[in-house]
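I have placed the structure first, in the form of structure tokens, so that the comments after it can refer back to it.
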Amino acid sequence: MAYEKELQIALLAVQRATILTKQVFHSHAKGTLSKSDASPVTIGDFGAQALLISALAHAFPSDAIVAEEESSDLRDNAELRRTVWDLVKDVQLDSKEAENLLGGAVKSDAAMLDIIDKGNSSGGNKGRIWALDPIDGTKGFLRGGQYAVCLALMVDGDVKVGVLGCPNLPVDDAAPLSVNIGANASDEEGKGVLFGAVLGEGATSRPMTRGELQKETKIQMKQIEDLKAATFCESVEAGHSSHGDQAEIASQLGITKASVRMDSQAKYASIARGAGDIYLRLPVRKDYQEKIWDHAAGDLIVREAGGEVTDAEGKRLDFGKGRTLAENKGVVAAPKQVHGKVLEVVKSVLGKK
Ligand SMILES: Nc1ncnc2c1ncn2[C@@H]1O[C@H](COP(=O)(O)OS(=O)(=O)O)[C@@H](OP(=O)(O)O)[C@H]1O
Ligand SMILES: [Mg+2]
Ligand SMILES: [Mg+2]
Ligand SMILES: [Mg+2]
């Protein structure tokens, strides 16, 4: 199989990072700060980024990394730095062999800061670049909703490997998507899934563990004949995608079921496994550029499960333009056989505005 080592390292690294995020999820103090764009970041985001990059830098030292967070808030705040370091230094996988593949523990708090900042690549369409989001859906994470730990490898701008760790999604791929899935999240027994895909080799899911990887199962999007019966997923935050446009599109497609709102790339994962059918993310603000780490893994997982992912104009998402999807607006993800129909309605609704 192509990219076998990359997939294995990515799955283990995401699994290890989720041990840390789950620990923070269950702790009272999440160390939340507000970033310059008013979005939140927590000790879980910093800690998970340090663990992910540490693993990548060990296994693939020459690869570039585009990651969401940077260390300046921790350099300016000794107490916060200590809190994150206290988490990072102790988190390890139960399997010694797996932990060795990731290079073991981070050496010191100073090394941790430098590791976090290795995610500062400007991206592009040359060579091997990892795109990583330590906690996607930080608002959801804080609210007790869905969140995802996201990692993707691009080679010359093309996504080759994608991994999503979703601690609060049910393990069972066939579990119906409840409308509350984005609100009443928990990581109790039976929750926690690792999704993976390699270009040309299909997509899989497996239960998340604290050690060795469990056996994977192939996932496929649901074959829908009748769009009226479709379930569509959208963001929780009305500022992240246009609930109004999405409701209008759904209504024109004849969809009668209420949308399922959840944070993070758990939306891509949920449609890829056939729990939902369609993911609509239509822009609210014309000037917002989507970040590559919010889409790279999900885009590949959906396409490898039999779906098509484009922007609102029908263009493939272009991950080779830097840290953002500078050439794309919005996301329309659906099973291949109905994507054209969905896109037609998206264009018509947006065209009338
Ligand atoms: N204005 C605007 N428009 C679109 N997207 C934005 C915007 N602002 C932020 N973000 C990014 O949205 C990421 C979370 O997306 P979600 O789909 O999970 O959003 S939601 O919270 O469920 O509404 C979120 O990722 P995280 O920061 O990793 O949580 C942001 O990168
Ligand atoms: Mg963020
Ligand atoms: Mg994100
Ligand atoms: Mg994030």
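As the structure lists them, so they are numbered: ligands from 1, and atoms in each ligand from 1.
- The side chain to side chain contact (heavy atoms under 4.5 Å, CB included) test with E248 singles out one residue from V345, L282, V349, and that residue is V349.
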Between L300 and V309, does a side chain to side chain contact (heavy atoms under 4.5 Å, CB included) hold up when you go through it step by step? CA-CA 9 Å; L300 182 67; V309 184; over 6 Å; no

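- Looking only at atom types and distance, the side chain of K257 has a donor-acceptor partner in the side chain of T231 under 3.5 Å away.
- Counted by atom type alone, R206 and T217 present zero donor-acceptor pairs between their side chains at under 3.5 Å.
- Counting only N and O atoms by type, the side chains of D45 and T42 include a donor and acceptor under 3.5 Å apart.
- Here the two rings, on Y279 and F232, have centers that are 6.0 Å apart or farther.
- Side-chain polar atoms of E4 and Q8 form no donor-acceptor pair below 3.5 angstrom.
- Of the N and O atoms on the side chains of E234 and Q246, at least one donor lies less than 3.5 Å from an acceptor on the other residue.
- The closest side-chain donor-acceptor pair between S235 and E237, if any, does not fall under 3.5 angstrom.
- For ligand 1, the protein residues placed under 4.0 Å by at least one non-hydrogen atom are E68, D133, I135, D136, G137, T138, S235, V236, E237, G239, H240, M262, D263, S264, K267, R281, R285, Y288, E290, D294.
- Here 1 is the count of protein N, O or S atoms positioned under 2.8 Å from the Mg ion (ligand 2), waters not counted.
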